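Below is one structure, written out as structure tokens, with a few remarks after it.
We name chains A, B, ... by the order of the sequence lines, and we start the count at 1 in each one. Bear in mind the structure is a predicted one, so any value in this text is a computation, not a measurement.
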Protein chains: 2
Amino acid sequence: MGELPLTLEGEGRQRILAAAEKLFSDKAFDAVSMNAIALQAGISKANIYHYFPNKDALYLAVLRAASRNLQKLLNDAVDAHGTVVEVLRHFARCHLQALLDRPELVRLVWREILEKGAPRAREFAEQGFADVFSALVAVLESGQARGELRADFAPALVATLMLGANVFFFQSRDILRHYPAVGFADDPAGYDAGIVEILLRGLIPESSADTVRA
Amino acid sequence: MGELPLTLEGEGRQRILAAAEKLFSDKAFDAVSMNAIALQAGISKANIYHYFPNKDALYLAVLRAASRNLQKLLNDAVDAHGTVVEVLRHFARCHLQALLDRPELVRLVWREILEKGAPRAREFAEQGFADVFSALVAVLESGQARGELRADFAPALVATLMLGANVFFFQSRDILRHYPAVGFADDPAGYDAGIVEILLRGLIPESSADTVRA
DNA sequence: CCCTATATTGACCGATTGGTCGGGCGCCGC
DNA sequence: GCGGCGCCCGACCAATCGGTCAATATAGGG
């Protein structure tokens with residue numbers, strides 16, 4: 001018992017998980033049949049039940065793995081060094097790149113968050129959200145403490161703004177692409193560079209910035 | 001033929017549409033059965049087929065109506081007067097309020113946009129997006145032309161940023177609410193006020209704003 | 001070689017799915 | 001009174017759903 005198998009452990013299990021991940025990321029839970037998963041994995045439907053007790057458990061396992069992988073990806077975007085401004089630039093770019101690199105994971109997890117009627121694993125999907133959000137808030141707070149950023153804004157609000165900018169870009173990229181006025185749909189790095197610059201410097205010309213305060 | 005009925009026209013039809021709208025906004029297409037819709041509407045399943053040829057047509061009709069209503073709501077947020085800054089403040093507040101007032105419509109339309117596997121009526125759902133986005137871009141452009149806003153940013157980028165801030169807030173409000181650092185989850189007006197202020201004035205203290213340009 | 005444990009399968013189950021059909025109910029013009 | 005027509009329903013259909021089961025293939029250890 002417990003001896004390490006020389007042949008790939010759980011090779012069949014991984015095949016099933018990969019197939020289910022692909023299908024569940026494209027279509028909703030009820031729109032994906034166990035037959036379709038078996039077909040995609042190249043095995044029989046009954047064989048799935050050798051590894052997973054039922055459809056919900058399989059879905060949960062897929063979401064669990066996706067959530068873990070996504071969380072790891074996104075956390076990599078947070079660890080950076082240098083001035084706060086540099087960290088923010090790095091975060092924005094890496095965060096969006098992570099989303100775009102693994103769109104299946106993002107769609108999978110985000111759909112679970114949006115679904116109002118069937119919270120199968122909502123708390124679990126929210127976990128990835130937590131770490132990134134908290135880390136970003138911490139960065140902003142330290143920026144305020146060091147005097148690199150204004151002290152009169154709520155860090156959580158700016159964190160929401162930045163995350164929202166990236167998530168919204170990810171979600172609506174296909175729509176934005178066929179707008180002539182949008183030149184950044186296929187240039188996520190440029191998008192984030194612009195976003196961060198605007199956030200840092202604002203939209204008001206400096207000469208008239210004081211007129212806003214009234 | 002064509003005589004106006006004194007009794008409510010399409011009263012049954014409206015009942016079905018309302019029931020379907022409620023269910024389709026909570027759960028995905030395949031997760032909502034015709035039986036459930038009939039039950040919710042208080043009629044028989046067979047009766048639905050007297051008004052709609054099949055499930056897809058019903059869903060399409062629901063999405064059509066929702067998209068139209070949402071579009072109307074959101075367009076109201078755009079028409080405003082005064083300085084560009086005032087218009088932006090008004091837009092942000094009204095736009096988010098519209099989303100929060102009719103969450104069923106938003107979820108319905110937005111799910112259709114996110115679904116990668118079954119574009120039942122994507123183009124149709126995107127229609128609402130178009131008007132709001134264009135209108136917001138126009139506002140920003142006029143602000144630049146009048147010199148009220150800086151001239152060195154892309155209007156479409158800022159429009160994306162603002163819409164994303166609201167949509168993301170709408171989507172993740174339930175998650176944000178149980179973060180202690182977030183005080184604005186139940187104060188959308190305050191959230192948007194903060195967003196707009198940051199966008200206008202930036203995060204950098206004015207004294208050190210020039211250090212960013214390097 | 002056999003024995004055991006894991007993998008894998010086709011056939012099958014009851015329940016539910018989207019959709020159909022024939023007929024009943026009620027109202028309005030004749 | 002009496003057709004006709006829009007509205008509405010219970011019963012039914014084939015197909016598919018998630019899930020079960022008994023039977024096989026496939027290994028590796030003794």
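A cation-pi arrangement, defined by a distance under 6.0 Å to the six-membered ring centre and an angle within 45 degrees of its axis, is absent between A:K55 and A:Y49.
In this structure, the NZ atom of A:K45 is 8 Å from the P atom of D:dC17, given to the nearest Å. B:D30 has its CG atom 17 Å from the P atom of C:dT16, to the nearest Å. Per the geometry, OH belonging to A:Y49 stands 20 Å off C1' belonging to D:dA23, to the nearest Å. Atom NZ in A:K55 sits about 15 Å away from atom P in D:dT16, given to the nearest Å. In this structure, A:F52 places its CZ atom 15 Å from P of D:dG18, rounding to the nearest Å. One interatomic measurement links the two molecules: CZ of A:R13 to P of C:dT8, which rounds to 13 Å at whole-angstrom precision. We find that CD1 of B:I48 is positioned 14 Å from C1' of D:dC7, with the value rounded to whole Å. Atom-to-atom, NE2 of A:H50 to P of C:dA7 comes out at 4 Å; the value is rounded to the nearest Å.
The aromatic rings of B:F24 and B:F29 lie parallel to each other, their planes meeting at an angle below 30°, with 60° marking the opposite boundary. Ring pair A:F168/B:W110 is parallel by interplanar angle, where below 30° counts as parallel and above 60° as perpendicular.
The pair B:D174-A:K116 counts as a salt bridge, with a side-chain nitrogen and a carboxylate oxygen less than 4.0 angstrom apart. Taking the charged nitrogens against the carboxylate oxygens, A:E115 and B:R107 have no contact shorter than 4.0 Å, which rules out a salt bridge.
Nearest nucleotide to the side chain of B:A46, out of D:dC9, C:dA7, D:dG18: D:dC9. Here the side chain of A:Y51 is nearest to one of C:dT8, C:dG18, D:dG18, namely C:dT8. Here the side chain of A:N35 is nearest to one of D:dG19, D:dC17, C:dG10, namely D:dC17.
Contact annotation: A:N47 side-chain N/O to C:dT9 OP1/OP2 distance is under 4.0 Å. Taking 4.0 angstrom as the limit, A:S33 places a side-chain polar atom (N or O) nearer than this to OP1 or OP2 of D:dC17.
Nucleic acid contact for B:N54: sugar-phosphate only, since backbone atoms but no base atoms lie under 4.0 Å from a heavy atom of the residue.
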